[in-house]
S.K.: 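One structure follows; several queries about it will come next.
In the text below, chain A, chain B and the rest are named by the order of the sequence lines, each starting its count at 1.
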Amino acid sequence: MLLTRLADVSREVAAVPARSRKIALLAELFREADAEDVPIVIPYLAGRLPQGRLGVGWKVLSRPVAPAGEPTLSVREADALLTELGTVSGPGSQAERARLVGELMSAATADEQRFLLGLITGEVRQGALDAVAVEGLAQATGAPAGDVRRAVMLAGSLQSVARALLADGPAALQSFRLTVGRPVQPMLAHTASSVTEAVGRLGACAVEEKLDGIRVQVHRDGDHVRLYTRTLDDITDRLPEVTRAARELAGSRFILDGEVLALDEAGRPRSFQETAGRVGSRVDVATAAQAVPVSPVFFDVLSVDGRDLLDLPFAERHAELARLAPEPMRVRRTLVSGPEEAGAAEEFSRQTLLRGHEGVVVKALDAPYSAGRRGASWLKVKPVHTLDLVVLAAEWGHGRRTGKLSNLHLGARAQDGGFVMLGKTFKGMTDAMLAWQTERLRGLAVEENGYVVTVRPELVVEVAYDGLQRSSRYPAGVTLRFARVLRYREDKRPDEADTVETLLAAHPQVRP
DNA sequence: TTCCGACAGTGGGGTCGCAAT
DNA sequence: ATTGCGACCCCACTATCGGAA
């Protein structure tokens with residue numbers, strides 16, 4: 001199959017708004033693809049490269065290459081070049097990667113170049129990624145969409161399911177079972193604005209502490225232990241102490257879900273930055289482990305002794321977990337019968353925050369483990385802080401925000417009467433706000449430099465954020481975590497905005 | 001008919017590791 | 001040694017479609 005066919009379909013998919021039409025277009029293409037093309041065509045149309053990381057990004061791709069006049073590049077040829085691209089390393093590798101990109105792009109037409117660019121940067125913008133591709137695959141093969149989705153969650157990848165399904169038909173889905181050693185998509189949580197609200201929505205529930213670390217899925221089969229992140233990357237080699245801890249648990253065959261984080265001598269959590277740095281260290285693991293040891297803390301179990309527990313109610317899964325993991329290796333929790341005990345849940349949340357943790361997750365006791373879903377039966381609640389800050393500049397948006405000033409540079413008031421930049425945000429804006437702020441900020445513009453428009457510091461905006469963290473990038477030495485816009489405060493003057501001093505005073509545990 | 005769950009899109013900051021300077 | 005870049009951790013929020021209520 002020629003790459004141009006994929007580029008055409010991707011453009012068509014992008015052009016139709018209806019999800020049902022997108023699915024039908026994908027299904028048509030999947031049916032057309034022959035067996036050898038399928039493992040390439042499916043991920044490509046799901047907006048992902050089967051190779052994963054390539055070591056190539058915007059910098060290399062932004063160099064223009066004269067396009068080919070006629071579409072002659074096949075899907076397999078493109079894939080072979082990309083595979084080669086992903087394996088280049090060592091001195092001279094950047095030049096070699098640039099050369100390979102040039103080779104690929106010069107063989108592609110302008111349309112194909114656009115498609116490849118989107119694929120490599122992960123921005124296909126066709127309104128269809130994995131979930132829509134799964135529906136398309138189901139339609140192309142006549143398999144029930146729910147069964148395909150479940151197989152993908154259990155396999156951890158769309159590709160392997162697609163290959164089996166197109167080779168052997170719907171019966172092949174049976175072979176995708178929960179297996180120790182094969183990671184599954186973890187269950188995710190929704191957000192609730194308060195503990196009381198969360199308990200009100202779920203009824204009988206467990207309120208568990210939310211630890212600010214790295215999600216980890218622990219697979220053990222005898223002495224063989226594997227550790228996976230939320231995106232199913234294997235991080236076993238980086239966390240030897242977690243592997244040891246898993247070997248000391250009561251069972252010998254299980255899959256556990258939990259969080260790893262660094263604790264200080266008193267058992268209080270160290271900053272997320274310290275935990276993330278440790279988990280990210282791959283080269284000298286022994287030294288990193290010495291400096292920042294991490295501990296696993298579990299909250300769920302998916303499999304024990306070959307039994308698949310996914311469909312069991314949480315209460316029963318937790319009973320299994322309690323048999324496997326001793327209390328210090330489990331998340332702290334309290335059980336609540338319903339809204340009448342919301343007070344106790346709130347109190348537990350307060351205590352959790354005092355112990356230095358991020359918040360709580362409220363979980364329905366009767367809910368199954370919804371692998372890969374953002375199930376409504378897990379609700380996270382974290383404290384939200386707010387500030388009134390001044391807009392110092394804004395950046396032109398991309399994609400559906402093209403032509404709109406989107407990403408705001410946020411400043412706090414300094415002692416000298418000036419403003420200190422604390423970070424940026426593009427979150428929380430409605431289309432109406434985007435239109436409004438584009439006009440308003442244009443009127444305040446003093447300089448335009450590339451995609452950054454600097455403005456007179458006159459507009460005050462109320463911003464929500466989750467906390468303060470150290471920063472080497474911003475002048476105050478700190479930056480806001482997960483900042484988002486709540487509303488504009490046209491009733492406030494910039495000299496009424498919050499100051500750096502009040503911000504630092506509100507977070508005494510964080511020092512620049 | 002209205003409501004709501006699931007998805008895609010739009011990017012944020014930090015850290016690490018690698019290659020180039 | 002320092003810098004630039006890419007990958008991958010953490011993540012919030014809005015718009016939209018389409019099935020559920």
S.K.: Can you find a side chain N or O atom of A/R230 that sits less than 4.0 Å from OP1 or OP2 on C/dC10?
M.R.: yes
S.K.: Would you give a per-nucleotide map of nucleotides 13-21 of chain C, 5' to 3', where B means the base has a protein non-hydrogen atom under 4.0 Å away, S means only the sugar-phosphate does, and - means neither?
M.R.: SSS-BS---
S.K.: In whole angstroms, how far is the C1' atom of C/dC8 from the CG atom of A/D234?
M.R.: 14 Å
S.K.: Is the closest side-chain donor-acceptor distance between A/W396 and A/E448 under 3.5 Å?
M.R.: yes
S.K.: Output yes when a side-chain donor or acceptor of A/R413 lies under 3.5 Å from a complementary backbone atom of A/D498, and no otherwise.
M.R.: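 No: the side chain of A/R413 does not pair with the backbone of A/D498.
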S.K.: How many whole angstroms separate atom CZ of A/R481 from atom C1' of B/dG11?
M.R.: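 Atom CZ in A/R481 sits about 17 Å away from atom C1' in B/dG11.
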S.K.: Are OP1 or OP2 of C/dC8 and a side-chain N or O of A/R53 less than 4.0 angstrom apart?
M.R.: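 The answer is yes; a side-chain N or O of A/R53 sits under 4.0 Å from OP1 or OP2.
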S.K.: Let me have a per-nucleotide readout for nucleotides 14-21 of chain B, 5' to 3', with B, S or -, counting only protein heavy atoms under 4.0 Å.
M.R.: SSSSSSS-
S.K.: Look at the rings of A/F299 and A/W378 and say which category their plane angle falls in: under 30° parallel, 30 to 60° tilted, over 60° perpendicular.
M.R.: perpendicular
S.K.: Just the rounded figure in Å: distance from P of B/dT10 to CD of A/Q126.
M.R.: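 Answer to the nearest Å: 12 Å.
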S.K.: When you compare the side chains of A/T499 and A/T502, does any donor N or O come within less than 3.5 Å of an acceptor on the partner?
M.R.: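 Result is yes, a qualifying pair exists.
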S.K.: Under 3.5 Å, is there a donor-acceptor pair linking the side chains of A/R484 and A/T425?
M.R.: no
S.K.: Report the end-to-end axis angle of the helix from B/dA8-C/dT14 to B/dT21-C/dA1; each axis comes from five terminal pairs, and the value is rounded to 10°.
M.R.: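 End-to-end axis angle: 10°.
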S.K.: Is A/D233 touching bases, backbone alone, or none of the nucleic acid, heavy atoms closer than 4.0 Å?
M.R.: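 Sugar-phosphate contact only.
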S.K.: A/D311 and A/Y369: side-chain donor and acceptor closer than 3.5 Å?
M.R.: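 Judged by distance alone, the side chains do not pair up.
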S.K.: Answer yes or no: is there an ion pair linking A/R278 with A/E274, defined by an N-O contact shorter than 4.0 Å?
M.R.: no
S.K.: Please report, rounded to the nearest Å, how far the C1' atom of B/dT10 is from the CG atom of A/L405.
M.R.: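 It works out to 15 Å between those atoms.
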S.K.: So does A/H398 get a side-chain nitrogen or oxygen closer than 4.0 Å to the phosphate oxygens (OP1/OP2) of B/dG11?
M.R.: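 Result: yes.
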S.K.: Closest nucleotide of DNA chain C for A/L61 versus for A/T231: which of these residues is on the 5' side?
M.R.: A/L61
S.K.: Would you classify A/V279 as touching base, sugar-phosphate or nothing, given that sugar-phosphate means primed atoms plus P, OP1 and OP2, and contacts are heavy atoms under 4.0 Å?
M.R.: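 Answer is nothing: A/V279 stays at 4.0 Å or more from every strand.
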S.K.: Under 4.0 Å, counting only non-hydrogen atoms across every strand here, what does A/F272 touch: a base, just sugar-phosphate, or nothing?
M.R.: sugar-phosphate
S.K.: Pairing donors with acceptors under 3.5 angstrom, does anything connect the side chains of A/T196 and A/S194?
M.R.: no
S.K.: If the cut-off is 4.0 Å, is A/K22 near the phosphate of B/dA8, judged by side-chain N/O to OP1 or OP2?
M.R.: no
S.K.: Backbone N or O of A/F426 within a donor-acceptor pair of the A/R401 side chain at under 3.5 Å?
M.R.: yes
S.K.: Pairing donors with acceptors under 3.5 angstrom, does anything connect the side chains of A/E123 and A/H398?
M.R.: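 No.
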S.K.: Rounding to a whole Å, what distance do you find between A/Q437:CD and B/dG11:P?
M.R.: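 So the CD-P distance, A/Q437 to B/dG11, works out to 12 Å.
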S.K.: Expressed as a whole number of angstroms, how long is the span from A/W378:CH2 to C/dC11:P?
M.R.: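 The distance from CH2 of A/W378 to P of C/dC11 comes to 13 Å, rounded to the nearest Å.
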S.K.: Between the side chain of A/Y228 and the main-chain N/O of A/G181, is any donor-acceptor distance below 3.5 Å?
M.R.: yes
S.K.: Would you say A/K404 reaches B/dG11's phosphate, i.e. side-chain N/O to OP1/OP2 under 4.0 Å?
M.R.: no
S.K.: Rounded to the nearest 0.5 Å, what's the gap from CG on A/L459 to CD on A/E490? Could you check?
M.R.: 6.0 Å
S.K.: Once you apply a heavy-atom cut-off of 4.0 Å, does A/E123 come out as touching a base, just sugar-phosphate, or nothing?
M.R.: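 Nothing, no heavy atom under 4.0 Å.
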S.K.: Taking only side-chain nitrogens and oxygens of A/N407, does any of them come within less than 4.0 Å of OP1 or OP2 of B/dT10?
M.R.: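 It does not, given that no N or O in the side chain of A/N407 lies less than 4.0 Å from OP1 or OP2 of B/dT10.
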S.K.: Quickly work out the A/D466 CG to B/dG13 C1' distance and round it to whole Å.
M.R.: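 That distance rounds to 13 Å.
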S.K.: Please state how far atom CZ in A/F482 lies from atom P in C/dC10, giving the value in whole angstrom units.
M.R.: 9 Å
S.K.: Quick check with a 6.0 Å cut-off and a 45 degree axis cone: is A/R481 positioned over the face of A/F272's six-membered ring?
M.R.: yes
S.K.: Quick check: on DNA chain B, is the nucleotide nearest A/A133 upstream (toward 5') of the one nearest A/K424, or the reverse? Name the residue that is more 5'.
M.R.: A/A133
S.K.: Taking only N and O in the side chain of A/S406, is any of them less than 4.0 Å away from OP1 or OP2 of B/dT10?
M.R.: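 Looking at the OP1 and OP2 atoms of B/dT10, neither is under 4.0 Å from any side-chain N or O of A/S406.
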